[in-house]
S.K.: 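Provided herewith is a single structure, encoded as structure tokens, for subsequent inquiry.
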Amino acid sequence: MKIATYNVNSINARLPVVLRWLSETAPDVVCLQELKAPQDNFPEKALADAGYNALWHGQKSWNGVAILARNADITEVRRALPGDPEDEHSRYIEAVVNGITVGCLYLPNGNPAPGPKFDYKLRWFERLTLHAADLLAAGKPAVLTGDYNVMPTELDVYKPEKWVDDALFRPETRAAFKKLVDLGWTDAVRKLYPNDKIYTFWDYFRNAYGRDAGLRIDHFLLTPDLAERLTGAGVNRDVRGWEKSSDHAPVWIELA
DNA sequence: ATGTCGCCTTAGAGGCGA
């Protein structure tokens, strides 16, 4: 089973790219972030015509997450992270697909830091960590994937010294990610490629993709049983070079 | 500071988020 994650930066602006990518790579389960569309403006029919069922949580202008599944039912578990009923950002959706709990997340960017947006990022991280502990305690196979807006280590940044004060790379952010992983989760891409330079995002500015000035910020975290089933992982890098591309590239894993 | 996208808005250039 192949599971993919893709920050699309507007599902409607990106629809031709997404449909081409789905037809060329045929993932079984897909997590999308940054739909940038209200709940009633999601291309459900176009995706169904491509063979994918969809569950999504939209929001006007910003955020928005979705789970797609090919030839499989999607059973919704929740469409918000527990812990703050006042939080109205559409940044988390969770469902069971093919017996696996799939959490699709879009962690806050947090810039500028320090400041209220960075505080929100760290609070959101704490809520995610609490929920991730509950998922582990439940003992069922689960994957937490999406745009974490974190480069976990210096290997994940094209020029680390430029990013030390950025919300995506500050010590507090890296520590929060480490605390989450250390609960017992496995960073799937890093497990298979512990020393390789692997990026998932290239800024639209200054020809970042052409210069390979990238970041690794889209991740798959796996429960121990799923980590044992991990047989492959990668980035569909070429998609970032297509016309009208997102600034992220799709990332995928393969499970036995 | 800037670069580039995509969203929104008393409609069309500007603000915001990334």
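Within every chain, numbering begins at 1; the chains are lettered A, B, ... in the order of the sequence lines, protein sequences first and strands thereafter.
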S.K.: Rounding to an integer number of angstrom, what distance separates dG3(B) and dG14(B) when you compare their P atoms?
M.R.: 14 Å
S.K.: Given atom CZ of Arg211(A) and atom P of dT4(B), what is their separation to the nearest angstrom?
M.R.: 13 Å
S.K.: How far does the C1' atom of dA11(B) sit from the matching atom of dC7(B), given to the nearest Å?
M.R.: 15 Å
S.K.: Compute both the distance and the angle, then confirm whether Arg79(A) meets the cation-pi test with Tyr92(A): under 6.0 Å from the six-membered ring centre, within 45 degrees of the axis.
M.R.: no
S.K.: Please report the distance separating the P of dC16(B) from the corresponding atom of dT10(B), rounded so that it comes out in whole Å.
M.R.: 14 Å
S.K.: Can a side chain N or O of Arg14(A) be found less than 4.0 Å away from OP1 or OP2 on dC5(B)?
M.R.: no
S.K.: Toward the 5' end of DNA chain B, which comes first, Lys244(A) or His248(A), by nearest nucleotide?
M.R.: Lys244(A)
S.K.: Which residue pairs satisfy the salt bridge (Lys or Arg N to Asp or Glu O under 4.0 Å) criterion with at least one member in residues 112-122 of chain A, sequence neighbours excluded?
M.R.: none
S.K.: If I take atom CH2 in residue Trp202(A) and atom C1' in nucleotide dC5(B), what distance separates them, rounded to the nearest angstrom?
M.R.: 17 Å
S.K.: Measure the distance from OH on Tyr106(A) to P on dC7(B) and round it to the nearest whole Å.
M.R.: 13 Å
S.K.: Donor-acceptor pair, distance only, cut-off 3.5 Å: does the side chain of Thr173(A) make one with the backbone of Ala167(A)?
M.R.: yes
S.K.: With salt bridge (Lys or Arg N to Asp or Glu O under 4.0 Å) as the rule and sequence neighbours excluded, what pairs involving residues 195-220 of chain A come up?
M.R.: Asp156(A)-Arg216(A), Asp187(A)-Arg216(A), Lys197(A)-Asp212(A), Asp212(A)-Arg237(A)
S.K.: Specify the separation, in whole Å, of atom NZ of Lys162(A) and atom P of dG3(B).
M.R.: 14 Å
S.K.: I need the CZ-P distance between Arg91(A) and dG17(B), as an integer number of Å.
M.R.: 11 Å
S.K.: Indicate, with a heavy-atom threshold strictly under 4.0 Å, whether Tyr209(A) touches base, sugar-phosphate, or nothing.
M.R.: nothing
S.K.: Reading DNA chain B from 5' onward, which residue's closest nucleotide shows up sooner: Asn7(A) or Arg206(A)?
M.R.: Arg206(A)
S.K.: To the nearest angstrom, how far is Gln33(A) atom CD from dA18(B) atom P?
M.R.: 14 Å
S.K.: Does the ring center of His89(A) lie less than 6.0 Å from the ring center of Tyr120(A)?
M.R.: yes
S.K.: What I want to find out is whether Asp28(A) reaches Lys2(A) closely enough, with some N-O distance under 4.0 Å, to be called a salt bridge.
M.R.: no
S.K.: If you restrict it to nitrogen or oxygen atoms, what contacts under 3.5 Å exist between nucleotides 8-16 of chain B and the protein, and what is each distance?
M.R.:
{"from": "dT9(B)", "atom 1": "OP1", "to": "Lys60(A)", "atom 2": "NZ", "distance (Å)": "3.0"}

S.K.: Quick test of your reading of the model: are Asp87(A) and Arg127(A) salt-bridged, counting only N-O distances below 4.0 Å?
M.R.: yes
